[in-house]
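Excluded from the calculations below are hydrogen atoms, water molecules and symmetry mates; all remaining heavy atoms, backbone and side chain alike, are included. Protein chains get the first letters and strands the later ones, always in sequence-line order, with residue 1 at the start of each.
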There are 2 protein chains.
Amino acid sequence: MKKIDILKKLRSSGLRPTKQRVEIAKFLFERDKTFHFTVESLNKLLMRKLSSKISLATIYNTVHSFKAAGHLSEVEVRGNKTYFDTNVLNHHHFYDSETSELIDIDAKDVVIQKIPKAPNGKKIKNVEVFINLKN
Amino acid sequence: MKKIDILKKLRSSGLRPTKQRVEIAKFLFERDKTFHFTVESLNKLLMRKLSSKISLATIYNTVHSFKAAGHLSEVEVRGNKTYFDTNVLNHHHFYDSETSELIDIDAKDVVIQKIPKAPNGKKIKNVEVFINLKN
DNA sequence: TTTCACTTTAGAACAATTATAAACTATAAG
DNA sequence: CTTATAGTTTATAATTGTTCTAAAGTGAAA
Ligand SMILES: [Mn+2]
Ligand SMILES: [Mn+2]
Ligand SMILES: [Zn+2]
Ligand SMILES: [Zn+2]
């Protein structure tokens, strides 16, 4: 993903392409593989990468804006930090609790044969499969 | 589950059956259906139920002790509170984000046909299926 | 009964996140 | 270009969930 696309991505979701948002978006979206992160880890990586500092509040704001715009998703991981995911397609995860590392699993690589029907009056929105790993 | 079993359960896991632990264990384990809770919700329910107050620190201590003893499990739910579960068997969940309610799914009611193999050097510990609901 | 390791407790400390409000800036209008 | 302004960033305070501390209390072994 090129910088011009970053600008388009921001503008098309009603987000002004500010210096900070562009830096964060470049960092998050100009990569080939999915990136899973917490705000804390993103902050550390950005501090290392960038000369100028982006305030922590801005990182929170931006990540939430990107999520609201559908450019990031949230992954549920044990512990009390929130994990985000640059893969916004429906997919699943391996989770290595030793390293706290998430690995994507393509939705097509998981086939579920049997699933209970949703409770009365409810529908199934989506199914998430979480595979815990050990050594 | 009767009180005598509660005492056995505590003693057999090396936990002295103190007044507080017995009250909490009775509240958690003397029921037919699985109970999903956060420490906050448990605290509120206990305050309502009991005449004497149990300190929040004790509720945290006790829940952690019960979890360590294998009497409770932890469920991953979006948000930054930790959810606990009186069902310690391998099972799955429906999650209704409208009401923040978890509903158990018996392991045998989910059959997975295809799953990717674990990454190099890792093994699969367990598979958790999380079914998000909508109205 | 006495003793003491284990437990409870109030409150402090800590960690993650959100709110506040003042300074700053992208951009649209003139 | 200027200017006006709504949107944005920032430092910092506030809030929330959880863990730590250390003093007082208690279950149970002897
Ligand atoms: Mn989490
Ligand atoms: Mn959680
Ligand atoms: Zn992912
Ligand atoms: Zn459950």
Cluster membership besides A/Leu89, Ile/Leu/Val/Met/Phe/Trp/Tyr side chains within less than 4.5 angstrom, sorted by chain and number, is none

Heavy atoms of A/Leu10 and A/Pro17 approach each other most closely as CD1-CA, 3.7 Å

A/Phe35 vs A/Phe37 aromatic rings, parallel, tilted or perpendicular, using cut-offs 30° and 60°?
parallel

Contact list (N/O, under 3.5 angstrom) for nucleotides 21-26 of chain C vs protein:
residue: C/dA26; atom: N3; partner: A/Arg16; partner atom: NH1; Å: 3.3

B/Leu10 atom CG is separated from D/dG27 atom C1', nearest whole Å, by 13 Å

Rounded to whole Å, the CG-P distance (B/Leu15 to D/dT26) equals 19 Å

Sub-6.0 Å ring centroid separation between B/Tyr95 and B/Phe130: yes

Exactly one candidate in A/Thr86, A/Asp85, A/Asp104 meets side chain to side chain donor-acceptor pair (under 3.5 Å) with A/Thr34; the answer is A/Asp104

Just so I know, are the side chains of A/Pro116 and B/His92 near enough to count as touching, which here means a heavy-atom distance under 4.5 Å?
no

Just N and O in the side chain of B/Gln20: are any of them under 4.0 Å from OP1 or OP2 of C/dT9?
yes

When rounded to whole Å, the CZ to C1' distance for the pair B/Arg21 and C/dT7 reads 6 Å

Next on the checklist: Check the phosphate of C/dT8 against B/Ser55, side-chain N and O only, distance under 4.0 Å to OP1 or OP2. Yes or no?
Outcome noted: no

Here the distance between atom P of D/dT8 and atom CD1 of A/Ile59, to the nearest Å, is 17 Å

Here the distance between atom C1' of D/dT10 and atom CE of A/Met47, to the nearest Å, is 15 Å

Please list, for nucleotides 15-24 of chain D, all pairs of protein and nucleotide N/O atoms separated by less than 3.5 Å.
residue: D/dG17; atom: OP1; partner: B/Lys81; partner atom: NZ; Å: 3.4
residue: D/dT18; atom: OP1; partner: B/Thr82; partner atom: N; Å: 2.8
residue: D/dT18; atom: OP1; partner: B/Thr82; partner atom: OG1; Å: 2.8
residue: D/dT18; atom: OP2; partner: B/Tyr60; partner atom: OH; Å: 2.8
residue: D/dT18; atom: O5'; partner: B/Tyr60; partner atom: OH; Å: 3.3
residue: D/dT19; atom: OP2; partner: B/His64; partner atom: NE2; Å: 3.3

Hydrophobic cluster membership, with links at side-chain heavy-atom distances under 4.5 Å among I/L/V/M/F/W/Y: are B/Val129 and B/Val111 in one?
no

One should read off an interatomic distance between B/Lys49 NZ and B/Glu23 CD, to the nearest 0.5 angstrom, of 10.0 Å

